[in-house]
Amino acid sequence: MIKVLIADDHKIFRAGVKRLIEESQDIEVAGEASDGFDAIAKLRQQDWDVVLLDINMPNKSGLDIVRQMKLEKPRLPILILSMYPEEQYAVRALKAGAAGYLTKDSESEELIAAIRKVVRGGRYATPALLEKLLFELDGERDVPKHHALSEREHQIFEQIIQGKSLTEIAEAMSLSVKTVSTYRTRVLEKMHMENNAELIHYAIQHGLSN
């Protein structure tokens, strides 16, 4: 029996996924976590065959959770199940150590197939994501500029493209305005841009803005 840990902050969503998974006779949801700290704690309580992880978690970002889980249990497959489209996070998640990436509007059959595949030691990617990864690996096109950002820089970038001011970002992230300004400067430098307007235009072009 494949033992699954579901880490997602929405109780109703966890319940729905649990029902879908348990229709399969070889898979069971053996544990649930509602935030980043809870996910790490549950990870340490017992052995799991696979973790289903939301990218947007309270207390600790999904990508940080992936990295920590892989440090503690390198062989544990982590399957990202996110509301965000592949363009935003899939490549970053796989580079962080995730074994696969699915959006929450995927078919239940696809989720079951992905779980079985990563448990067997494989990787799971949709055809569109696989094509994107191949393009990046063989150099047929440039890697998107936002992939060069660190995790914190990417968080600042996301706030900027939502039109938030430095003060609003500082308050939302419990940082000083000076610190946010420093990160903004790094984002602009890494992405070779001059101002927020260019960042927002880039985000629209790449389907990163909501």
Side-chain angles (χ1 to χ4, degrees), residues 7-10 13 33-44 51-74 76 78-98 101 103-104 129 132-133 136 141-210:
D8 192 288
D9 60 330
H10 294 97
F13 179 78
S34 59
D35 60 45
F37 296 152
D38 191 21
I40 298 300
K42 293 283 172 55
L43 173 80
R44 297 166 177 165
V51 176
L52 290 184
L53 175 66
D54 187 6
I55 204 81
N56 186 22
M57 293 282 284
N59 301 330
K60 199 174 183 69
S61 79
L63 295 182
D64 286 340
I65 295 171
V66 171
R67 295 186 186 99
Q68 185 167 346
M69 284 185 169
K70 296 302 288 185
L71 281 174
E72 297 193 20
K73 298 192 175 183
L76 176 66
I78 302 168
L79 186 61
I80 300 296
L81 192 57
S82 174
M83 63 177 286
Y84 296 107
E86 291 177 341
E87 308 87 70
Q88 279 190 262
Y89 281 108
V91 173
R92 292 165 60 81
L94 295 176
K95 287 181 177 179
Y101 190 101
T103 58
K104 289 184 176 180
L129 177 56
K132 182 179 179 66
L133 290 169
E136 291 197 9
R141 68 180 181 189
D142 293 334
V143 175
K145 294 177 181 178
H146 66 284
H147 287 179
L149 302 178
S150 69
E151 180 63 20
R152 180 49 63 92
E153 289 165 354
H154 195 273
Q155 291 171 351
I156 299 294
F157 169 69
E158 288 181 325
Q159 300 276 339
I160 291 173
I161 64 177
Q162 292 174 21
K164 294 184 179 180
S165 67
L166 294 183
T167 301
E168 290 172 329
I169 297 172
E171 291 177 353
M173 301 184 68
S174 299
L175 298 172
S176 70
V177 174
K178 183 178 179 180
T179 298
V180 173
S181 179
T182 299
Y183 276 116
R184 173 184 174 274
T185 299
R186 291 179 188 173
V187 170
L188 291 170
E189 288 176 350
K190 285 188 176 182
M191 296 183 67
H192 307 290
M193 295 183 185
E194 299 293 331
N195 51 51
N196 290 4
E198 290 187 13
L199 292 176
I200 293 171
H201 181 66
Y202 171 92
I204 294 171
Q205 282 186 319
H206 290 78
L208 303 177
S209 58
N210 296 326

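Just so it is clear, the values below take in all heavy atoms, side chains as well, and ignore hydrogens, waters and symmetry mates. Since the model is a prediction, treat every value here as computed from it, not as a measurement.
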* **With E153, the side-chain contact (heavy atoms from CB on, under 4.5 Å) member among R186, E189, H146, M191** => R186

From [X] [atom1] over to [Y] [atom2], what is the distance, rounded to the nearest 0.5 angstrom?
| X | Y | atom1 | atom2 | value |
| --- | --- | --- | --- | --- |
| I160 | I169 | CD1 | CD1 | 5.0 Å |
| Q68 | L43 | CD | CG | 8.0 Å |
| L81 | T103 | CG | OG1 | 8.0 Å |
| F157 | R184 | CZ | CZ | 13.0 Å |
| R152 | S61 | CZ | OG | 9.0 Å |
| T179 | L166 | OG1 | CG | 11.0 Å |

If you take all heavy atoms of [X] and [Y], which pair is closest and at what distance?
| X | Y | answer |
| --- | --- | --- |
| S82 | D54 | CA-OD1, 4.0 Å |
| G36 | K60 | CA-CB, 4.0 Å |
| Y84 | N56 | OH-ND2, 3.5 Å |
| Y101 | A93 | CD1-CB, 4.0 Å |
| L94 | A98 | CD2-O, 3.4 Å |

* Asked: Given the rule in the side-chain contact (heavy atoms from CB on, under 4.5 Å) test, do L208 and Y202 qualify, once you have shown the distances and angles that lead to the verdict?
  -> CA-CA 8 Å; L208 303 177; Y202 171 92; 3.9 Å; yes

[X] vs [Y] side-chain heavy atoms within contact, under 4.5 Å:
| X | Y | result |
| --- | --- | --- |
| M193 | K145 | yes |
| Q159 | Q155 | no |
| L188 | N195 | no |
| N196 | L199 | yes |
| I80 | V66 | yes |
| R67 | L71 | no |
| D64 | M57 | no |
| L76 | V51 | yes |

* Between D35 and D9, is a side-chain contact (heavy atoms from CB on, under 4.5 Å) present by the stated rule, with each step listed? -> CA-CA 6 Å; D35 60 45; D9 60 330; 5.8 Å; no

* Run the side-chain contact (heavy atoms from CB on, under 4.5 Å) check on K104 and D8 step by step: do they pass? -> CA-CA 11 Å; K104 289 184 176 180; D8 192 288; 2.8 Å; yes

* Asked: Got more than 12 heavy atoms from elsewhere within 6.0 Å of NE2, H206?
  -> yes

* **Heavy atoms from other residues, nucleotides or ligands near CD of E194 exceed 12 (cutoff 6.0 Å)** => no

* **Verdict with supporting geometry, E151 and R92, side-chain contact (heavy atoms from CB on, under 4.5 Å)** => CA-CA 9 Å; E151 180 63 20; R92 292 165 60 81; 3.1 Å; yes

